[in-house]
Structure formats: structure tokens, C-alpha cells
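Position 1 is the first residue of the sequence, and the numbers go up from there.
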Amino acid sequence: MGANPYGLLLKALTLIPSWHYLLAFLILSLVFLYNFLEFHFLHDLFSGFRGHPVCFTYNPCSVIYDGVVSKCRVLRGRYCATPWLSSPHVQTVFLNFNGRPPVFSYRRQLFYTSDGGTVALDWLMKSDVSGGALHMNSSISRDETTPIMVVVPGLTSDSSSAYLKHLAFNTAKHGWNVVISNHRGLGGVSITSDCFYNAGWTEDLRVVINHLHKEYPKAPLLAVGTSIGANILVKYLGEDGENVPVAGAVAICSPWDLLIGDRFICRRLVQKLYDRALTIGLQGYAQLHQPLYSRLANWEGIKKSRSIRDFDCHATCLVGKFETVDTYYRRCSSASYVGNVSIPLLCISALDDPVCTREAIPWDECRANKNIVLATTKHGGHLGFFEGITASGLWWVRATVEFLDVLHSSPYMHVQKKMQNSGPHSALDSTIDQGPYVNIAEDGLVAAMCNEQNKDDSIEEISELQNIHYEKDNKMVSDAKQDERTTKAKDDAFPVIADTTKHATSVQDVKPLDAISPFQRCFDLLSRQNRCSIWLLAYIAIITSWPLVGSAVSIVFKKKLRYV
């Protein structure tokens, strides 16, 4: 009766075998890891490993979806992850440490930019993998019509990465030629100028694509960007709009908004591990080019960086002349350029991507653009998408090759349209430059003016020329015959003016009243509005003051009526 219950409980616990405790600890650890690493094996098991359908976001009037995507069996099917890789984190880690890439060799071509930079172009020809044998002696002729796929790697990735080898091998096996445009300082090539690449550096991609289009004008160019390379590709397509020699493009696992991605990668412990791993990769890249980074950036800060944001603060912002890290992220994010994309573009992203969050996907912008189809899968990780029992292939590689193949055989491939101003521009520049601004005149009138200064200036110059010629002709009239020649001078003045303006502006239909009529319409409208406003104010004044005024009037008239 007097025994301690807690002592009895502890005595009972000591009687339980130790391996039972070990088994319970193991089960709890597995449950924790299952949730921490976001495994979905049990869900796939209960669903019979059927996978999940691909969700599409597109414009209802999109001919790219109706004419291309709807005919792709891979995209219209389901994606089922490899059972023993049924976790976005496991897929991402397995891709970077193994990936099971095919074995082949590239052909290296060094491309030199105008600023002295060097870009390594690694080629894989269709003849290199045909028949299972390598034929390294063949080359591409200028009249070659075989499509060329231009690939833009991700952050600190080059042509030796496993996922790029999967893409290059499958594309070359399909019968196309592939060229991987490595970023500056990667692929075993040194930095030969004071310019480094970053998440928004599109100039190298622009000059490489223009070079390929010039060298092989009959070969359609198809572009594929992965991760940061996808951000660069979409930004390039948005900057140049119609003036790109690319027939179609695919963006895989793009970060879209770098500012949102920066907030996301610091949110949870597992994301911080990715942040730290990517920072180590960037520090390794900086170590390869230490002499330049020591001169152009803060080398001590680079060595002490513990996150991507720290590295961008001490390296990218200083080299790229950005004011702050947030400024760099805002200017280099491709989300603001989505609306200007004018070529067929397929975007593939996984909703469980542990690096590029779904929160940054520009859903509405993709839906508004008729040229873009956004394909999202429930699982896949970052550039993973392993499929099959042996994880020998990547689902997004098959989807990319099939999409571009169907696009190539369709009438929807983009054809470059030359523009007068072909330089890069912001997606917001056109709307800002062409938008109305407020003009306040000296008399207080406010008018909305459009960006048509040149046209208005030319009209004002024409009016001034007319007045000058008219005054000169009037001065030449003698005093004796002034009344008779006034009308003739007026008639003679305007033909001279028409000839002069035709020579100066090459416009024959410009009239003197064209510069005045818009302002006349504004004055008429304001006068009508002011007249109505005056009467409205008078009515309101009468209604509000009527009790006082009415009583006073009634008193006055009553006194007068009494006298009468």
C-alpha cells in the first residue's frame, strides 16, 4: 500500500528488453525522416504507382496548347517518380551526386565575345551517337537544316552535369544537334575579362544565339534553360520580344522571382541546407578566379559567406554594379519579363521543388500570354523527375524533346522579325515610355499627354514656318496695292509652305489646324464641364440656403402686402 507508483513504473520499464526501445526509436526516426524529407512512397503505393497528371496553365486562346501541347503524349500523360526516390530532396541529391548520366564526349568550341570574354560551347552532334558508335570527324555545314538545341546550364553547372548529359544524349539520339553554352568561367575555361555571369546576365546568350543563327541560317534554333539558366532564357526572350532567332524554347525549374526565392531558401532547416550547399559551390567558382575576385570584389567577405545572399552581397553586387542585393534580385528576375515573350515557350516546374518555390511562379502572367504554356507536376524535385524502377531517365527530358519535336513539325514555330531598335530592354520600359504623363500649363489646366513629342514638335515647326513665310510675303506688298495683293499673298504663301514641309518632313497631309484642334477640343470639353459645374453649384447653393433666404423673403413680402 505504501509503495511509490513511479518506482513501480520504472521497475516495469526496466523489464522491457532493450531491443524494443531500439525498435521504437527506429520507427520514430523513420516517421520523422518520412515527413522531414517529404516522402510520398505510401501515397504512390496506395494509388498503384499510377502517378499524377500534369496540370497546365495557359491562355484559353493559346494555339500553342491546342496545336502542340495537346499532341504530346508525355505531357498529356502522368508522371510517376521512381519508388525508391519518392522524395523531392532525395531526387535532387541523387541527381547531383550520381544521376546515372550516359557516357559520351563533347566537341569543344571557344567563342570570344566583344568585351574579351570567353564562352565554351560544347557540341554533341547527331552523328556522334548514331548507331551506338562515335563519328567525331563529321561537322555541320552552313546549309544544314537539322535543328540545333541551345542549352543554358544552371547555377555553377556546366556541360559535365548529369542532367545536361541526359538532355544532350537524348536530343542527339533523336536526330538533332546540341550545343551547351557554358557560363563564363565554367567548363574548364578561365575568365578573360572583368565581366562575370549572374542570374540575369543575358548578353552571352544573345551573342551566342546570334552567332549560331548567322553561321547556320537554315537550321532552326531551339533553346532550353535549366534552373538559373531558365531564368536567363526567359529574361532574354522577354527583353528582345519578336527580335529573337529562336523558334521555340523550354524553361525547366525556373526560379522566376529571385527575391521570393531568397526568402524561401532561408525559411526552413532543409532549405538552409540547400542554401549552404549552393554557397559552397559559388565559393568554389570564386576560388577558381581568385585574382579577379580579389581585385573586383570583397574577397574576405566571399570566404566568410554562409548563404547565397552573403555571396551576392560581397561578389555579385560589386562586380555587376548593383546598389543592393534586393536591387539585383528585382532587376534579374524573369517574372517581370514573362508578358513580353513572343515565341512558343513551355515551362515545366515541380510543385515540391525544394530550391525554386511554387510561390514564385507567375501564374497569371503565364495565363495572360498566348505563347506560354506552364506545366506543373505534383512531384519531381529540382531538375530530378526520375522515372522507372532503375531511375535511368528523366521525365522532363522526354517531355522537352517531344514538345520541341511536335513544335518543329507544326506551323507555330517562331520566325524572327527584325526591329529597328534591337537592343535589350526592360519589360516595363515600353509601357512606361509610351504611357501618358500629366502636363500642367501656366493657366492651371491639367492635360494627359502621350509620348509623341517628336510629332508635336514637327507640327509646331511647320506652323512657325508658315507664319514666317506669310509675314515675308506680306512685307513685300506695296502700300499702294496692299488691299489687292493681300489675298494673293495668302494664296501664294501656303503652296510654298507645303513644298517646304514636304522637303523637311516628307508629310503632305499636315495642316496648320491639326496642332490646334486637339487643344480646342479640350477647351470645349472643359468649358462644357465648367458650365454644368457652375449651374450645379448654383442649384446646391439655392437648396442649402433656401430655409434662411425663404424666411427672409416671406417676412419682407408680408410687410409690403400689409402696406398695400
Side-chain angles (χ1 to χ4, degrees), residues 82 85 88-109 119-124 128-129 149-173 176-189 196-199 201 204-205 208 222-233 249-255 274-275 277-289 308 348-350 353-356 380-387 391-401:
T82 301
L85 293 176
H89 307 286
V90 176
Q91 286 209 38
T92 304
V93 173
F94 182 78
L95 176 66
N96 286 272
F97 285 95
N98 190 343
R100 296 186 176 180
V103 180
F104 59 86
S105 299
Y106 292 106
R107 309 185 192 186
R108 172 61 55 92
Q109 175 189 359
V119 177
L121 302 179
D122 289 333
W123 288 84
L124 183 66
D128 296 342
V129 297
M149 178 185 288
V150 185
V151 183
V152 188
L155 186 68
T156 67
S157 298
D158 54 20
S159 57
S160 62
S161 300
Y163 65 91
L164 293 181
K165 284 192 172 183
H166 277 285
L167 177 61
F169 183 81
N170 282 271
T171 304
K173 195 174 181 180
W176 293 356
N177 299 317
V178 185
V179 55
I180 299 178
S181 178
N182 295 284
H183 299 297
R184 296 191 181 198
L186 292 172
V189 177
F196 291 81
Y197 88 98
N198 55 52
W201 179 254
D204 286 348
L205 178 60
V208 167
L222 304 167
V224 177
T226 58
S227 190
I228 288 296
N231 185 81
I232 295 174
L233 174 62
V250 180
I252 310 297
C253 298
S254 175
Y274 289 106
D275 190 14
L278 292 173
T279 304
I280 293 174
L282 290 172
Q283 288 175 329
Y285 170 76
Q287 189 69 36
L288 295 174
H289 315 289
I308 298 177
I348 299 177
S349 295
D353 193 322
V355 178
C356 300
H382 186 69
L383 298 175
F385 296 89
F386 285 99
E387 58 182 355
S392 58
L394 305 180
W395 176 85
W396 68 263
V397 171
R398 291 198 300 124
T400 298
V401 175

Response to the item:
Closest non-hydrogen contact found for Tyr106 with Leu164 is OH-O, 4.1 Å
Fill in: Ser349 to Phe385 - nearest heavy-atom pair and separation
C-CZ, 4.3 Å
Worksheet item: Looking only at atom types and distance, does a side-chain atom of Asp128 sit under 3.5 Å from a main-chain N or O of Ser105, one as donor and one as acceptor?
Response: no
Discussion item. To check you understand the geometry: which heavy-atom pair defines the closest contact between Gly381 and Ala350, and what is its length?
Written reply: O-CB, 3.5 Å
Practice prompt. Name all residues meeting the side-chain hydrogen bond (donor to acceptor under 3.5 Å, both in side chains) criterion together with Asp122; count only those two or more places apart in sequence or in a different chain, and write none if there are none.
Written response: Arg108, Ser159, Asn182
Fill in: OG1-NE2 distance between Thr171 and His166, expressed to the nearest 0.5 angstrom
12.0 Å
Response to the item:
When every non-hydrogen atom of Leu233 is compared with those of Ala249, the smallest separation belongs to CD2-CB, 4.1 Å
Discussion item. So, taking the atom named CG in Leu394 and the one named CG in Asn170, what distance separates them when rounded to the nearest 0.5 Å?
Written reply: 8.0 Å
Worksheet item: Closest approach of Ala199 and Ile232, non-hydrogen atoms and distance?
Response: O-CG1, 3.2 Å
Practice prompt. For residues Ser157 and Thr226, determine if any side-chain heavy atom of one lies less than 4.5 Å from a side-chain heavy atom of the other.
Written response: no
Item to complete: Give, for atom CD1 of Ile180 and atom CG of Leu167, the distance between the pair rounded to the nearest 0.5 Å.
Response: 7.0 Å
Item to complete: Looking only at non-hydrogen atoms, find the nearest pair between Ala251 and Ala230 and report the distance.
Response: CB-CB, 3.8 Å
Worksheet item: Hey, what do you get for OG (Ser181) to CD (Gln109), rounding to the nearest 0.5 Å?
Response: 10.0 Å
Worksheet item: Less than 4.5 Å apart, any side-chain heavy atom of Val152 and any of His183?
Response: yes
Practice prompt. Measure the acute angle between the ring planes of Phe196 and Tyr285, then classify it against the limits of 30° and 60° as parallel, tilted or perpendicular.
Written response: perpendicular
Worksheet item: To the nearest 0.5 Å, what is the distance between CG (Leu85) and OG1 (Thr92)?
Response: 10.0 Å
Practice prompt. Kindly assign one of parallel, tilted or perpendicular to the pair Phe386 and Phe94, based on the angle between their ring planes and the thresholds 30° and 60°.
Written response: perpendicular
Fill in: Sidechain-backbone polar pair: Ser254 side chain, Ser227 backbone, donor-acceptor under 3.5 Å
no
Fill in: Worked verdict on Val119 versus Val189 for side chain to side chain contact (heavy atoms under 4.5 Å, CB included)
CA-CA 8 Å; Val119 177; Val189 177; over 6 Å; no
Worksheet entry | Nearest-0.5 Å distance, OH of residue Tyr197 to CG of residue Leu186 | 5.0 Å
Fill in: Non-neighbouring partners of Arg398 that pass salt bridge (charged side-chain N to carboxylate O under 4.0 Å, His left out), sequence neighbours left out
Glu387
Worksheet item: Going through the distances and angles, do Tyr163 and Ile252 end up as a side chain to side chain contact (heavy atoms under 4.5 Å, CB included)?
Response: CA-CA 11 Å; Tyr163 65 91; Ile252 310 297; over 6 Å; no
Item to complete: Would you check if the side chain of Trp123 reaches a backbone N or O of Asn177 as a donor-acceptor pair within less than 3.5 Å?
Response: no
Worksheet item: Are the side chains of His382 and Pro354 in touch, meaning some heavy atoms are under 4.5 Å apart?
Response: yes
